[in-house]
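A quick note: this is a predicted structure, and the numbers were derived from the prediction, not measured. Count residues from 1 along the sequence.
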Amino acid sequence: MMPLLNAERISKSFGTHQVLKSIDLTVKAGDVTCIVGPSGSGKSTLLRCLNYLEVPTSGVVYLEGEPVGLRWNGERLYRMSFNELAVQRQKMGMVFQGFHLFPHKTALENIIEAPMVVKRKKRADATEEAMALLQKVGLAGHAGHYPRQLSGGQQQRVAIARSLAMQPALMLFDEPTSALDPELVGEVLTVMRQLAEEGMTMIVVTHEMNFARDVADHLVFMDGGVVVEAGNPSDVLSDPQHARTRSFLARVL
């Protein structure tokens, strides 16, 4: 079976600084892949390359067999137009460290904006679906609240609902709990665990090792822009094969 996402030899440089060095990553539909590693290892850059928020210096990402951000013209690949890329990105939801909600819109309005503007859904239909998503993330009673009236954990759950409203095939999470107070982390991880149980394909950059151990199907440890070690989370976390992995885990577990 063709993987949902396949990244082949992804490299990324900013000037003379090479952040990613020929990364390969394969994700099957329904799987949860967690990417861990020290700050500056390239985790977030890799995630942004997967949906072309960052253009890889070299390499190609395939989503459902189609190159991301590129299109075939004969036997060569060329950059997509902005509009073509916008259509393709609908298949990938992304949740950032910051919540990036529209401050002048309520939780409900934040969620229905993209389905109405991008997918041309009727307001009544978008609202019905958004209310169901707010229920899913435990915020059914907060539809009329503005971001300033919500805690960080609540704002992040609205951000997750907003991404889910586009019905993506794949969800990308870039350290979604790192900006939260410790007591609010659990409510966001609970939503993510539920998504995993429902079969949502997810790639999660995280420092939450217990979440990675319990929920992930595949764990990737990165350092210095390369994949140092990857495999079953329980194996990697309990019996790492590389000295760099062992030294990192000794500090975070």
Side-chain angles (χ1 to χ4, degrees), residues 3-27 33-63 65-89 91-100 163 170-179 202-209 212 216 218-231 236 240-252:
L4 179 66
L5 180 136
N6 190 32
E8 298 181 353
R9 306 186 72 176
I10 300 299
S11 295
K12 177 65 181 180
S13 296
F14 295 97
T16 59
H17 178 48
Q18 188 172 12
V19 179
L20 300 177
K21 304 170 185 177
S22 196
I23 299 282
D24 292 326
L25 181 68
T26 299
V27 179
T33 297
C34 282
I35 304 175
V36 302
S39 298
S41 59
K43 307 182 301 295
S44 294
T45 300
L46 173 60
L47 206 68
R48 293 171 66 86
C49 283
L50 296 182
N51 70 353
Y52 231 64
L53 283 175
E54 293 288 353
V55 179
T57 304
S58 61
V60 181
V61 179
Y62 294 91
L63 180 68
E66 296 296 325
V68 175
L70 304 167
R71 57 180 174 79
W72 291 103
N73 188 345
E75 296 183 354
R76 296 187 63 183
L77 286 168
Y78 294 87
R79 291 275 297 272
M80 281 183 174
S81 69
F82 177 83
N83 288 339
E84 289 173 319
L85 180 58
V87 171
Q88 189 178 54
R89 279 202 185 121
K91 298 180 180 179
M92 288 187 278
M94 187 157 183
V95 178
F96 299 88
Q97 296 178 36
F99 319 124
H100 301 301
S163 291
L170 170 66
M171 285 286 287
L172 307 175
F173 293 86
D174 186 7
E175 299 190 25
T177 61
S178 65
M202 301 192 293
I203 303 175
V204 185
V205 171
T206 185
H207 291 294
E208 301 292 338
M209 293 299 169
H218 193 68
L219 182 69
V220 175
F221 171 65
M222 289 182 62
D223 187 36
V226 301
V227 173
V228 176
E229 191 163 351
V236 174
Q241 300 301 300
H242 294 264
R244 183 65 188 94
T245 315
R246 290 193 291 272
S247 66
F248 172 76
L249 293 177
R251 293 198 305 271
V252 300

Distance col, row M209:CE vs C34:SG, nearest 0.5 angstrom, shows 9.0 Å
For a side chain to side chain contact (heavy atoms under 4.5 Å, CB included) check, start with the C-alpha distance between V205 and F173, then their side-chain angles and the critical distance, and finish with the verdict. CA-CA 6 Å; V205 171; F173 293 86; over 6 Å; no
Does atom CZ of R76 have more than 12 heavy-atom neighbours, drawn from other residues, nucleotides or ligands, at distances under 6.0 Å? no
Any chance the side chains of S247 and R244 put a donor and an acceptor closer than 3.5 Å? yes
For residues F96 and L47, determine if any side-chain heavy atom of one lies less than 4.5 Å from a side-chain heavy atom of the other. no
Rounded distance (nearest 0.5 Å) linking atom CZ of R48 with atom CG of L20: 12.0 Å
Determine, stepwise, if the pair E54 / F14 fulfils side chain to side chain contact (heavy atoms under 4.5 Å, CB included). CA-CA 10 Å; E54 293 288 353; F14 295 97; 3.7 Å; yes
Which residues share a side chain to side chain contact (heavy atoms under 4.5 Å, CB included) with S58, sequence neighbours left out: S11
Nearest 0.5 angstrom please: T45 OG1 to L50 CG, how far? 10.5 Å
Kindly say whether V55 contributes a backbone atom to a donor-acceptor pair with the side chain of K12 at under 3.5 angstrom? yes
Is V36 close to V220 at the side-chain level, that is, under 4.5 Å between some pair of heavy atoms? no
What are the two closest heavy atoms between S163 and M171, and how far apart are they? CB-CE, 3.6 Å
Heavy-atom side-chain proximity of I23 to R9 below 4.5 angstrom: no
Heavy-atom nearest pair, V236 first then G231, reads CG2-N, 3.7 Å
Any side-chain heavy-atom pair of L77 and V60 under 4.5 Å: yes
Please report the shortest heavy-atom distance between S178 and Q97, naming the atom on each side. OG-OE1, 3.4 Å
A side-chain contact here means heavy atoms from C-beta on lying under 4.5 Å apart; do L85 and R79 qualify? no
Excluding sequence neighbours, so at least two apart, what forms side chain to side chain contact (heavy atoms under 4.5 Å, CB included) with E84? R71, M80, S81
If you take all heavy atoms of I10 and G59, which pair is closest and at what distance? CD1-C, 3.6 Å
I'd like to know if the side chain of S13 and the backbone of G15 have a donor-acceptor N/O pair within less than 3.5 Å. no
How long is the span from the CG atom in L25 to the CG atom in L46, to the nearest 0.5 Å? 6.0 Å
Do V68 and Y62 have side chains that get closer than 4.5 Å, going by heavy atoms? no
Any residue meeting side chain to side chain contact (heavy atoms under 4.5 Å, CB included) with P240, in chain and number order, not counting sequence neighbours: E229, T245, R246, L249
Interatomic distance, Y52 atom OH to R89 atom CZ [nearest 0.5 angstrom]: 10.0 Å
Can a donor-acceptor pair be found between the side chains of D223 and S41 at a distance below 3.5 Å? no
Any side-chain to backbone donor/acceptor pair from K91 onto L170? Under 3.5 Å, distance only. no
Just by modelled atom types, is the S44 backbone N or O under 3.5 Å from a matching donor or acceptor in the D174 side chain? no
Testing the basics here: between E75 and W72, what is the closest heavy-atom pair and its distance to 0.1 Å? O-CZ3, 3.5 Å
H207 backbone acceptor or donor facing E175 side chain under 3.5 Å: no
Report the C-alpha distance between M94 and N51 in whole Å, list the side-chain angles of each, state the deciding distance to 0.1 Å, and finish with yes or no for side chain to side chain contact (heavy atoms under 4.5 Å, CB included). CA-CA 9 Å; M94 187 157 183; N51 70 353; 3.3 Å; yes
Any K43 side-chain heavy atom under 4.5 Å of T206 side chain: no
Least distance between heavy atoms, P38 atom then F221 atom: CD-CE1, 3.8 Å
If you count the non-hydrogen atoms of other residues, nucleotides and ligands that lie under 6.0 Å from CZ in F82, is the total more than 12? no
As an exercise, state the distance from CE of M92 to CG of L63, rounded to the nearest 0.5 Å. 5.0 Å
Are the side chains of V87 and N83 in touch, meaning some heavy atoms are under 4.5 Å apart? no
